[in-house]
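Structure first, then comments.
Model, not experiment: these values are computed from the prediction. In what follows, every chain begins at residue 1, and chains take the letters A, B, ... in the order their sequences are listed.
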Number of protein chains: 2
Amino acid sequence: MKVTLKDVADAANLSVASVSRILTNRGRYSEVTAKRVRELAQKMGYYKNQNAADLSSKKSRAVGVVVPLIHTNFADEVIKGLYEATISSGYELLITYLDENEDHQYQVFQTLLSRQVGAVFMLSLDIPSWMVNTLLEEKISVISLTALLNDQVSAVTSDESEMMNTIIDYLVTMGHKNIALIGDTKLTTIISNTRRTNFIKLMHAHGLTDDNMFLYGTDHTYETGYNSVTTDYDINHLPFTAAVATADLVGQGLANAMLDHGKKVPDDLSIVTIDGLQQTEIARPKLTTIQQNFPEIGRVAMQLFLNSDSSNKDPQVIYIPTELIQRDSVLNLNAKI
Amino acid sequence: MKVTLKDVADAANLSVASVSRILTNRGRYSEVTAKRVRELAQKMGYYKNQNAADLSSKKSRAVGVVVPLIHTNFADEVIKGLYEATISSGYELLITYLDENEDHQYQVFQTLLSRQVGAVFMLSLDIPSWMVNTLLEEKISVISLTALLNDQVSAVTSDESEMMNTIIDYLVTMGHKNIALIGDTKLTTIISNTRRTNFIKLMHAHGLTDDNMFLYGTDHTYETGYNSVTTDYDINHLPFTAAVATADLVGQGLANAMLDHGKKVPDDLSIVTIDGLQQTEIARPKLTTIQQNFPEIGRVAMQLFLNSDSSNKDPQVIYIPTELIQRDSVLNLNAKI
DNA sequence: TTGAAAGCGATACCAG
DNA sequence: CTGGTATCGCTTTCAA
């Protein structure tokens, strides 16, 4: 049978109350007995039943993380950041995956609620809004990572507009005019819509017209990148000289498609990817990218939550700086003779 | 305030006992009232406090998953399998990450224990043995994934010996004699040691001697692959014609190092990687690999656990088939004129 | 079929 | 500084 608080108390000839106080470092007790109790607990192999503790104290040190089952592995980076912040604060991470199935979503959501998590970190993509609303009603902090959900939830993310601006600015400086946005450009999810909108807006801001813009794809996959130039556009007469990939993998697909068809990157097509994971460095040619600081996003998000009880309660948005990393996938058209 | 069982019971003019029975589909009750209660609970926004439920019933539907913080992303694949099996069985996954820090390990371990998990799935690599032992003492099933830990714990994994045999067999058939094992070849962890030992044993079994073998590296990183041929060996006079990479990333590093130095793959070096994730298909040249079925490992592991109460209790080892996928990174020496 | 009541293991308030 | 005890929300006999 499992060792309980009472067992330790009996063995120590103390009350459960005292032992509890000692083991949680709360309230008053003498260091002498405390030492004795701690050793005893250790020796007896006692460990707290967190379920009971949470039930009794009506709080929980657990926070939930919702990760899309199909993610572009930037999730791992974010989780690393969360892990760091979490482990040093004594909180515990309840990571749940989410697919597109409604029933499953409901189940996951139930899990989170029924475990009394204090906060839920939503990792990008299409989190059902009924889920967010219910969480909010239950006074559970919802923090959106790598995406702005709506103005009721806090978010820690890269500045999408700035990112896109940096990219287009760079591309235009390099002499590009006809530019494509490839990857997830659909209108139905918040993040893809944001990117699409920003792309169009910023192209205009750079004096480019609709004729200079090209949009392709509805997801962040390798295949989308690959197929864009092999099926939808004529690879021998691409109407654009540069492409912005909404994820590293998309850019990789783009690059491979070119290579596989005897074309060269960046000579025949310049590519800039969004994300900047290890992959972009491993690719040949190395991919120019705007790198998001995912671990930092995780770390900051956790801190935001930890500090939230004390100070204000209003939803906040924190932007984590991104960095343009110039590598070998963008051609300088101006240098061309 | 949160809606509790009692609230629902009051609203329904029933006792908590009855409502509990209905909501958990246990015991006897009339379908008529059941329907009423279920609707009421739904409308009131009731959801079970799983902590209280677990505490009361002294069991838990949660299982833990321990993932090395630095993983070769095959972990995601395994988790997908686990998730599938878990979501359809009503269990809940408690995913925890683990780094090398002893204190953190202890903390993670505490989390798992204190949440009363029914089983812990250990994802490869160096899981501290004190952790395993304590878990076992607490009668918590420990199932090792993608690695054999010891004969006290069940395991679901690929057949390491068979994998290595397939690779060497293939390489020898293609005319290779001098072969290197590159990646994690250290003696101190179970999995790397297994691979190292199998490599040597199977090289011998193929009539090759120690002079034909080369070992390099102590981890599964890209850098290890890259550095092996650029620093430790003379890239212009490699003593081996083929290399077995202990992970895809290692193979990728190897390939890039060759490419970056004007060498060709497979002409100047043949490469076979172990794992076979998407990466090997994206690489150029595409990497020949022995592919492990990670999602299946996850699925089977969960099923193993689910069926374990009913039948026997002995530790079992289940091997999930692997597949050699021939792509473009191995040269056929025999075909050479 | 339904209800009363005894826990589950820990916390925290209130006395002593 | 220490102990008694109500309580957290739910499950589970045992009676009714």
Ion pair present between [X] and [Y], side-chain N to carboxylate O less than 4.0 angstrom?
| X | Y | answer |
| --- | --- | --- |
| D54(B) | R115(A) | yes |
| E84(A) | K80(A) | no |
| E92(A) | R61(A) | no |

Between [N] ([atom2]) and [X] ([atom1]): distance, integer Å:
| X | N | atom1 | atom2 | value |
| --- | --- | --- | --- | --- |
| D10(A) | dG9(C) | CG | C1' | 13 Å |
| I22(B) | dT1(C) | CD1 | C1' | 10 Å |
| D7(B) | dC8(D) | CG | C1' | 13 Å |
| R115(B) | dA10(C) | CZ | P | 13 Å |
| N25(A) | dC1(D) | CG | P | 14 Å |
| K58(B) | dT13(D) | NZ | C1' | 14 Å |
| L55(B) | dG9(D) | CG | P | 12 Å |
| L14(B) | dA4(C) | CG | P | 11 Å |

**Prompt:** Which angle, rounded to 10°, do you find between the first-five-pair axis and the last-five-pair axis of the helix from dT1(C)-dA16(D) to dG16(C)-dC1(D)?
**Reply:**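 That helix gives 30° between its end axes.
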**Item:** T24(B) side chain vs S20(B) backbone, donor-acceptor pair below 3.5 Å
**Value:**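 A pair under 3.5 Å: yes.
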**Prompt:** Counting distance only, does the side-chain N/O of N133(A) pair as donor-acceptor with the main-chain N or O of S129(A) below 3.5 Å?
**Reply:**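 Yes, because the side chain of N133(A) sits within donor-acceptor range (under 3.5 Å) of the backbone of S129(A).
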**Prompt:** Heavy-atom contacts under 4.0 Å between residues 28-35 of chain A and DNA chain D, which residues?
**Reply:**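 The answer is R28(A), Y29(A), S30(A), T33(A).
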**Asked** Run the side-chain contact (heavy atoms from CB on, under 4.5 Å) check on L148(B) and Y319(B) step by step: do they pass?
**Response** CA-CA 10 Å; L148(B) 251 47; Y319(B) 291 114; 4.0 Å; yes
**Asked** Between E160(B) and T194(B), does any side-chain donor sit less than 3.5 Å from a side-chain acceptor?
**Response**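 No, no side-chain donor-acceptor contact under 3.5 Å.
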**Message:** Each nucleotide in nucleotides 11-16 of chain C should get exactly one letter: B, S or -. Can you fill that in based on protein heavy atoms under 4.0 Å?
**Reply:** BB----
**Asked** Angle class for the F305(A)/F121(A) ring planes (parallel below 30°, perpendicular above 60°, tilted otherwise)?
**Response**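 Judged by the thresholds at 30° and 60°, the geometry between F305(A) and F121(A) is perpendicular.
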**Request:** Just jot down the side chain to side chain donor-acceptor pair (under 3.5 Å) partners of Y47(A), sequence neighbours excluded, or say none.
**Result:**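 If we apply the side chain to side chain donor-acceptor pair (under 3.5 Å) test to Y47(A), skipping adjacent residues, the hits are E138(B).
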**Message:** Restricting to side-chain contact (heavy atoms from CB on, under 4.5 Å), what partner residues turn up for S30(A), sequence neighbours left out?
**Reply:**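 Expected list: V32(A), T33(A).
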Indicate every side-chain donor-acceptor pair of residues 3-11 of chain A with a distance under 3.5 Å to a residue at least two apart or in another chain.
residue: T4(A); atom: OG1; partner: K6(A); partner atom: N; Å: 3.3
residue: T4(A); atom: OG1; partner: D7(A); partner atom: N; Å: 3.4
residue: T4(A); atom: OG1; partner: D7(A); partner atom: OD2; Å: 3.4
residue: K6(A); atom: NZ; partner: D10(A); partner atom: OD2; Å: 3.1
residue: D7(A); atom: OD2; partner: T4(A); partner atom: N; Å: 2.8

